[in-house]
Each structure stands twice: as structure tokens, then as C-alpha cells.
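Indexing begins at 1, ligand by ligand and atom by atom, following the structure's order. Bear in mind that the values here come from a model prediction, so they are computed numbers and not experimental data.
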Amino acid sequence: MPAISVANPKGGAGKTTLTFVLAGELARSGASVAVIDADPNAIIAGWGRKRTDQGKPLPFEIVASPKESELVKVINRYTQSHDFVLIDLEGTASRMTSRALARSHLVLIPFNLSPIDAELAANAVALIQEEAEALGRAIPFCLVRSRDNAAIETKTAKRIVAAITDAELPLLPVGLVERAAYRDIFDFSATLEELDPAQTSGLVAARRNAFEVAHAVVEAVQQEIRR
Ligand SMILES: Nc1ncnc2c1ncn2[C@@H]1O[C@H](COP(=O)(O)OP(=O)(O)OP(=O)(O)O)[C@@H](O)[C@H]1O
Ligand SMILES: [Mg+2]
């Protein structure tokens, strides 16, 4: 049912990776998932095409490059037929992004834990708040740390998290950790389950992290739906 957009006008913030990891994990847990690939790079759609060419099944449905004029209809259709609809958005503010935000039960904003990226994430929040104002109702959102350091929390990271907490902005309690596995899934046209631990380091930790992030996102979206 819920539609979850992954948005941040900052290029390379980790939107496609977060969308993909979430889709894979939710599908693995038994949910029916549709990914609307509205990223002009069409990374997830390309991944799906490669798998199909190789005769591998798709763990979730992929809607490639929807037209701006059709996006709302597509979101409405898939929220009726699937347990989760995830929308991977482009790295710029656009009408496509506005429409997706307006139809979302939750917007995830991934951002890298650097001062510059945190400031740009604040712009993403402002953009969502502007959209909400135009719409006349709140658009629920949640910041998500992207490419977290697996081993240590740096002083900079702590400062950024403290600033977000002080500003009373919602932050997902678990971040997506920087892992080779999250790159290898694209490289090998694979899911996290299919990757070989002999070829990908830190795979077990990546699977655990994917599980925890998906769990936290499900909790956050359920909370929004209950409101
Ligand atoms: N958690 C992670 N672990 C390892 N690599 C990551 C992680 N998150 C993102 N990356 C890498 O960082 C780069 C940018 O990530 P991604 O493509 O997901 O960002 P994006 O926000 O979708 O970018 P765009 O705005 O261009 O659509 C990619 O090379 C991706 O493989
Ligand atoms: Mg992307």
C-alpha cells in the first residue's frame, strides 16, 4: 500500500542505493514491491533489464522511466496492487519530484554525513516543506544517513546528528552503512542474497544493515499511516 519516495536534489546522495536496498529487503521478507524508477540514470531499470537478459527472475516489479504526466496514475495503480511502492527520484528539483512527493506516505531523504551534504539535506527538507505548503497538508519525511561509517562515529557525524536532533527533524535511527555489497549488487546484477561472500567483503554485515534499515523504514511509514 504505502508509497515511499526517496528524494534529495543533491546528486549522489544515495537515493538509488537506498531505494534498491529497501526494495530487495522488503521483497526478501515476502512483501510485494514495485519500484518506480524516475531517476534519469535508470540504474534500477538497467539492473532489471540485465537480469531479464540473463534469465534471472526479478524479486520486485520495476516501472521504468514513467512520463511526468502519468506518474500520479502509476503511483495510484501500484499502491493498490502492491504492499510497497518505492520511487527513486532524480537528483534535481522538478515537477516529477513535486508530484511524487505529493502522492507519498513518506519521503526518505538520504544524505552523506558531511557538513556540506547536511546543509544540502536541509535544502531538501525546505523543498518538501514548500511542497507541503502548496498542497495544504504535511508531507511526512525522514532523513536517512547514507554511507555511514561502519566502524566509528566521527566527531563530525555526531555534530551533524546533534544539529538534526536540535532542529527537531525526523532522522531514521539506523543509517545505510558504506558497504561494498551495496555497489556489487549493481556490478553483478544480483540481490544481496545472491552475492557470494567469497567475492564481496562485509556481506553478512551488509545484509544485517539492510534488514535493520528496512525495519526502521516500515516502522516510520506505519507510524505515518496511523496518524
Ligand atoms: N551505502 C553505500 N555503500 C557503498 N556505496 C554507496 C552507498 N550509497 C551510495 N553508494 C555509492 O555512491 C554513489 C552515489 O550513490 P547513488 O547512485 O545511490 O546516489 P543518487 O542519489 O541516486 O545519485 P543521483 O542523484 O545521480 O541519482 C554510487 O556510486 C553508489 O554505488
Ligand atoms: Mg539515483
With a cut-off of 4.0 Å, which atoms of ligand 1 are near a heavy atom of [X]?
X: V177; value: 1 (N), 2 (C), 3 (N)
X: Y182; value: 1 (N), 2 (C), 3 (N)
X: T17; value: 7 (C), 8 (N), 9 (C), 10 (N), 15 (O), 16 (P), 18 (O), 30 (C)
X: A13; value: 19 (O), 20 (P), 21 (O)
X: G11; value: 25 (O)
X: D39; value: 27 (O)
X: N41; value: 26 (O), 27 (O)

Validation row: [X], [Y] side chains within 4.5 angstrom (heavy atoms):
X: T19; Y: V35; answer: yes
X: V85; Y: V74; answer: no
X: F111; Y: L120; answer: no
X: F141; Y: L106; answer: no

Would you say ligand 1 has an N or O under 3.5 Å from any N or O of G12?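 Yes.
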Return yes or no for this condition: an N or O of D88 is under 3.5 Å from an N or O of ligand 1.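 No, D88 has no N/O under 3.5 Å of an N/O on ligand 1.
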What is the closest protein heavy atom to atom 19 (O) of ligand 1, and at what distance does it sit?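 Checking every protein heavy atom, the shortest distance to atom 19 (O) of ligand 1 gives G14 N, 3.1 Å.
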Protein non-hydrogen atoms only, distance under 4.0 Å: does atom 28 (C) of ligand 1 have such a neighbour?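 It does not: no protein heavy atom is found less than 4.0 Å away from atom 28 (C) of ligand 1.
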Would you say atom 1 (N) of ligand 1 has a protein heavy atom nearer than 4.0 Å?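 Within 4.0 Å of atom 1 (N) of ligand 1, protein heavy atoms are found.
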Could you state whether V72 and L135 fall into the same hydrophobic cluster, counting links through intermediate Ile, Leu, Val, Met, Phe, Trp or Tyr residues with side-chain heavy atoms under 4.5 angstrom apart?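 They do not share one cluster, since no chain of ILVMFWY contacts under 4.5 Å joins V72 to L135.
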Hey, looking at atom 8 (N) of ligand 1, which of E90, K15, R147 has the closest heavy atom?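 Of the listed residues, R147 has the closest heavy atom.
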What is the ring orientation for H215 with F211, classed by angle as parallel under 30°, tilted 30 to 60°, or perpendicular over 60°?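 It falls in the parallel class, under 30°.
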Between N112 and A13, which heavy-atom pair has the shortest distance, and what is it?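 Result for this residue pair: OD1-O, 3.9 Å.
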Centres of the F20 and F186 rings: under 6.0 Å?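 Yes: the rings meet the under 6.0 Å criterion.
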Under 2.8 Å from the Mg ion (ligand 2) - does any N, O or S atom of D39 fall there?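 Checking the Mg ion (ligand 2) against D39, an N, O or S atom does fall under 2.8 Å.
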Does any N, O or S atom of T19, backbone or side chain, fall under 2.8 Å from the Mg ion (ligand 2)?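 Looking at T19, which is the residue asked about, there is no N, O or S atom under 2.8 Å from the Mg ion (ligand 2).
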Under 4.0 Å, heavy atoms only, figure out whether ligand 1 is touched by the backbone of E178, its side chain, both or neither.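 Near ligand 1, E178 shows its backbone as well as its side chain.
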In terms of side-chain heavy atoms, does S29 have a donor or acceptor partner in E25 at a distance below 3.5 Å?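 Side chains of S29 and E25: no pair found under 3.5 Å.
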In terms of side-chain geometry, is the basic nitrogen of E68 or R95 positioned less than 4.0 Å from the acidic oxygen of its partner?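 Looking at E68 and R95, the cut-off is met.
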